[in-house]
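This report refers to the structure that appears directly beneath it.
Just so you know, these numbers use all the heavy atoms, side chains as well, and skip hydrogens, waters and symmetry mates.
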Amino acid sequence: SAPARSFSTRPPAAMSSWKKAFHARAHRERAQPGARKHLGLLEKHKDYVQRAKSFHSKERRLRRLKEKAAMRNEEEFYFRMQSSQVVNGVHVDKRGKHHTTRAIKEMKTQDIGHLTAKKVATAHQSERLQNDLHFLAEVNPVNKHTVFVDSPSELENWSAANHFHTKKEFLDRSYNRPTEGSLADPNLFSGFPKDATPKQIAKIVSSVEHQKTESYRTLKKKIQQEKKLALTIAALQAEKDAMGKGPKRKVTVEDEHGNKKRVMRWKKVRKS
């Protein structure tokens with residue numbers, strides 16, 4: 001008998017393109033039966049895999065924690081233990097409730113407003129003092145008057161009041177220093193009492209000078225206070241800005257005087 005021949009049932013290659021012309025049946029997953037709809041969607045295999053991975057991950061984490069608890073050092077100490085305690089298995093801070101970031105920013109805003117008002121008031125006080133004093137002289141003048149003599153004996157007998165022809169009460173003045181001749185002029189003391197002696201007039205002038213010196217000292221303190229308030233406001237504003245959103249980092253910069261300081265720099269982000 002002749003051997004059996006095998007025949008291929010595959011259609012020709014030219015006919016394979018016709019399969020794409022016909023509508024293929026859409027694959028539909030099995031839905032949850034109507035009697036079990038109260039249980040939610042029917043779990044598929046990928047859902048089971050995700051659930052199993054999560055379960056085993058938690059299982060491994062709990063096993064590691066149990067091992068750490070069993071092998072822990074009873075003499076272990078952290079400084080955080082002094083400011084916290086365990087209440088019902090939860091670590092609680094002993095220092096009380098912390099303020100939220102929003103509350104802290106609001107408090108800083110109030111502080112900046114209060115300091116700004118104080119700075120404006122100090123600036124007005126400084127301006128009034130400057131208008132009254134007109135900067136006629138400095139509180140501590142840095143200039144010096146050097147007098148040269150010809151011999152040691154002349155140095156021993158030398159007197160500043162005799163050299164400048166004025167009274168001893170006016171020696172500390174670097175400007176508008178009246179001489180003895182001008183003090184003898186009756187028109188010079190028209191604003192003083194008529195029966196005032198030169199000694200009394202010198203005392204009155206010295207009192208006025210003392211008041212002016214105190215005014216300059218007050219003005220100097222006001223100017224320093226205004227500078228300190230400005231620095232404090234800038235520091236508070238920087239802290240408030242650092243609490244905001246956006247990528248940022250601390251950098252060290254050098255001012256015009258060569259002093260280094262830490263400032264916050266934000267990454268430039270293009271806003272649409």
Taking atom [atom1] of [X] as the centre, report whether more than 12 heavy atoms of other residues, nucleotides or ligands fall under 6.0 Å from it.
X      : atom1 : answer
Phe77  : CZ    : yes
His163 : NE2   : yes
Asn88  : CG    : no
Glu214 : CD    : yes
Lys37  : NZ    : no
Lys221 : NZ    : no
Leu41  : CG    : no

query = Salt-bridged, Arg64 to Glu67, with N to O below 4.0 Å?
reply =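 Salt bridge: no.
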request  = Could you check Lys68 against Arg72 for side chain to side chain contact (heavy atoms under 4.5 Å, CB included), going step by step and ending with a plain yes or no?
outcome  = CA-CA 6 Å; Lys68 287 184 178 181; Arg72 71 183 183 89; over 6 Å; no
ask   = Can you name the nearest heavy-atom pair linking Ile223 to Ser126, along with the distance?
value =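 Result for this residue pair: N-OG, 4.1 Å.
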Is the shortest heavy-atom distance from the side chain of [X] to the side chain of [Y] under 4.5 Å?
X      : Y      : answer
Met107 : Ile104 : yes
Gln50  : Lys53  : no
Arg80  : Asp93  : yes

Show the atom names and distances, to 0.1 Å, of all donor-acceptor pairs under 3.5 Å that link a side chain in residues 224-232 to residues at least two apart or in another chain.
{"from": "Thr232", "atom 1": "OG1", "to": "Lys228", "atom 2": "O", "distance (Å)": "2.8"}

Can you list, pair by pair, the side-chain donor-acceptor contacts under 3.5 Å of residues 235-245, counting residues two or more places apart and other chains?
{"from": "Gln237", "atom 1": "NE2", "to": "Asp241", "atom 2": "OD1", "distance (Å)": "3.1"}
{"from": "Glu239", "atom 1": "OE1", "to": "Lys108", "atom 2": "NZ", "distance (Å)": "2.7"}
{"from": "Lys240", "atom 1": "NZ", "to": "Thr109", "atom 2": "OG1", "distance (Å)": "2.8"}

query = CZ/Phe55 to OH/Tyr48 distance, rounded to the nearest 0.5 angstrom?
reply =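 The OH atom of Tyr48 is 10.0 Å from CZ of Phe55, to the nearest 0.5 Å.
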